[in-house]
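Reading through the structure tokens given below for one structure.
Reckoned from all heavy atoms, side chains included, excluding hydrogens, waters and symmetry mates.
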Amino acid sequence: MSEQPLNPSPAGTPDDAAAGTAPVAPGPSAPGPTGSTAADALPLPAGPAPDAAPDVLFHEDDARSDEDAAARRAASFERARRLRQEPRFPGGPAADPAGSHHERRIRSFQPRRSRVTTGQQESLERLWPQWGLDIDGKRVLDLTELFGGLPVVLEIGFGMGEATAQMAADDPGTGILAVDVHTPGQGNLLGLAEKAGSTNVRVANGDAVILLREMLAPESLDGLRVYFPDPWPKARHHKRRLIQPDFLDLVAPVLRPGAIVHCATDWEPYAEQMLEVLTAHPRFENTAADGGYAPRPAFRPLTRFEGQGLDKGHVVHDLLFARV
């Protein structure tokens with residue numbers, strides 16, 4: 001009697017059956033490709049596959065997975081909240097002095113946390129109590145006391161502070177209230193000012209809109225400088241540009257008559273918008289006789305950023321408007 005396969009394959013062709021060539025499972029002495037024996041090839045009992053589980057198990061696993069993901073998100077949000085509230089340097093600039101991230105308002109800046117060098121950290125820890133202040137929206141600044149009676153110019157956005165430090169050193173008779181949210185730049189400017197022996201710089205940390213709206217007295221400033229603000233080049237982001245009619249409405253009351261608003265940008269479309277918005281505002285008048293752009297004044301130094309733009313063929317436009 002011929003040996004029959006224990007786990008026969010599907011029926012072959014009639015010719016195969018006639019020829020007696022139906023496949024035979026390997027015996028113990030002839031392991032298959034994976035080393036299995038004939039006993040391993042026994043048919044499984046009817047029913048679900050061994051690794052299958054009732055649908056309810058899948059639903060429970062999915063629910064647990066969703067709960068775990070929600071818990072991880074909550075923990076991440078809590079860590080981010082603590083980081084926003086906790087100062088990076090004790091006694092230095094606050095992480096979020098006015099809690100402005102809770103205020104539903106379009107912003108022209110994106111706070112970022114870059115690496116702070118040892119020198120910048122040392123300057124922040126040592127000089128911030130003397131020359132730094134947080135924009136918390138809780139008080140009105142006495143600029144006469146803060147700068148010892150000097151006329152004060154507000155500068156919004158100073159990057160790493162090289163140009164600001166140079167302007168302060170070149171004109172010690174003018175106080176500069178420099179605003180930014182970039183911690184390394186804050187520390188760098190403090191260090192540069194100290195190195196140059198300049199005592200006419202104060203570094204403000206936070207949102208300039210809150211400073212203008214809540215912390216400056218009427219007609220307390222002798223000028224405003226906005227050099228190379230973020231151009232927000234995408235059309236959907238134009239609403240984030242700083243120089244807008246609403247912004248100028250905040251600026252005008254805190255400037256003395258005759259105070260100069262000085263803007264500079266190497267982004268041509270933004271320069272055109274600045275010129276249009278400033279020209280249309282009733283509280284400002286262009287100092288350029290032709291009603292266009294002004295030549296770069298001698299007191300504004302050529303910045304590293306500006307030099308890089310010029311090397312790329314960018315055209316830098318200065319705008320000088322007087323408050324009327």
Side-chain angles (χ1 to χ4, degrees), residues 87-88 92-101 103 105-114 120 123-124 127-143 146-147 150-168 171 174-193 198 200-217 220-230 240-244 246-255 259-265 300 303 305:
R88 297 182 70 183
D96 187 17
S100 59
H101 58 284
E103 185 181 354
R105 173 170 53 81
I106 295 172
R107 283 173 178 73
S108 64
F109 65 91
Q110 291 284 358
R112 61 194 189 279
R113 286 196 165 189
S114 304
Q120 293 162 358
S123 295
L124 284 168
L127 299 173
W128 187 263
Q130 180 182 0
W131 290 345
L133 62 97
D134 284 317
I135 300 174
D136 54 15
K138 297 178 180 179
R139 66 196 190 282
V140 175
L141 298 177
D142 185 342
L143 297 184
L146 194 62
F147 287 92
L150 296 176
V152 178
V153 171
L154 173 65
E155 182 177 0
I156 298 177
F158 54 79
M160 293 305 293
E162 296 99 334
T164 306
Q166 184 175 336
M167 288 186 291
D171 185 12
T174 297
I176 300 178
L177 179 58
V179 180
D180 211 307
V181 294
H182 187 45
T183 310
Q186 294 168 347
N188 201 59
L189 175 55
L190 289 171
L192 291 172
S198 302
N200 56 329
V201 178
R202 301 294 181 269
V203 179
N205 168 56
D207 190 341
V209 168
I210 294 176
L211 176 70
L212 290 164
R213 190 179 64 198
E214 303 174 20
M215 298 181 66
L216 293 177
S220 59
L221 293 176
D222 288 85
L224 169 67
R225 297 169 181 169
V226 183
Y227 298 154
F228 305 99
D230 194 325
R240 295 185 178 275
R241 289 176 172 175
L242 182 62
I243 306 302
Q244 306 273 7
D246 290 347
F247 174 75
L248 296 179
D249 289 342
L250 288 176
V251 170
V254 300
L255 292 176
I260 297 296
V261 173
H262 182 193
C263 303
T265 180
R300 184 176 74 76
T303 67
F305 176 83

Here's a test for you: under side-chain contact (heavy atoms from CB on, under 4.5 Å), which of V203, I156, V201, L133 qualifies with L177? L133

D222: which residues meet the salt bridge (charged side-chain N to carboxylate O under 4.0 Å, His left out) condition with it, sequence neighbours left out? R256

Check A163 against T303 and note the closest heavy-atom contact, atom names and distance. CB-CG2, 3.5 Å

At their closest point, which heavy atom of G191 faces which heavy atom of S123, and how far apart are they? CA-OG, 3.6 Å

Please determine whether a side-chain nitrogen of the Lys or Arg among R139 and D142 lies less than 4.0 Å from a carboxylate oxygen of the Asp or Glu. no

Kindly give the heavy-atom pair with the smallest separation between W128 and L190, and that separation in Å. CE3-CD1, 3.9 Å

How many angstroms lie between atom CG of L216 and atom CG of L211, to the nearest 0.5 angstrom? 4.0 Å

For L124 and P93, work out which heavy atoms get closest and say how close. CD2-CD, 3.9 Å

On a heavy-atom basis, which atom in S220 and which in L143 lie closest, and how many Å separate them? O-CD1, 3.6 Å

With ring centroids as reference points, do F158 and H182 lie under 6.0 angstrom apart? no

P184 and M160: which non-hydrogen atoms are nearest, and at how many Å? O-CE, 3.9 Å

How far does CG of L127 sit from CD of Q186, to the nearest 0.5 angstrom? 12.5 Å

Decide side chain to side chain contact (heavy atoms under 4.5 Å, CB included) for E155 and D180; before the verdict, give the C-alpha distance in whole Å, the side-chain angles of both, and the deciding distance to 0.1 Å. CA-CA 9 Å; E155 182 177 0; D180 211 307; over 6 Å; no

Let me confirm one number: the CE-CG distance from M167 to N200, rounded to the nearest 0.5 Å. 11.0 Å

Enter the distance from D134:CG to N205:CG here, rounded to the nearest 0.5 Å. 5.0 Å

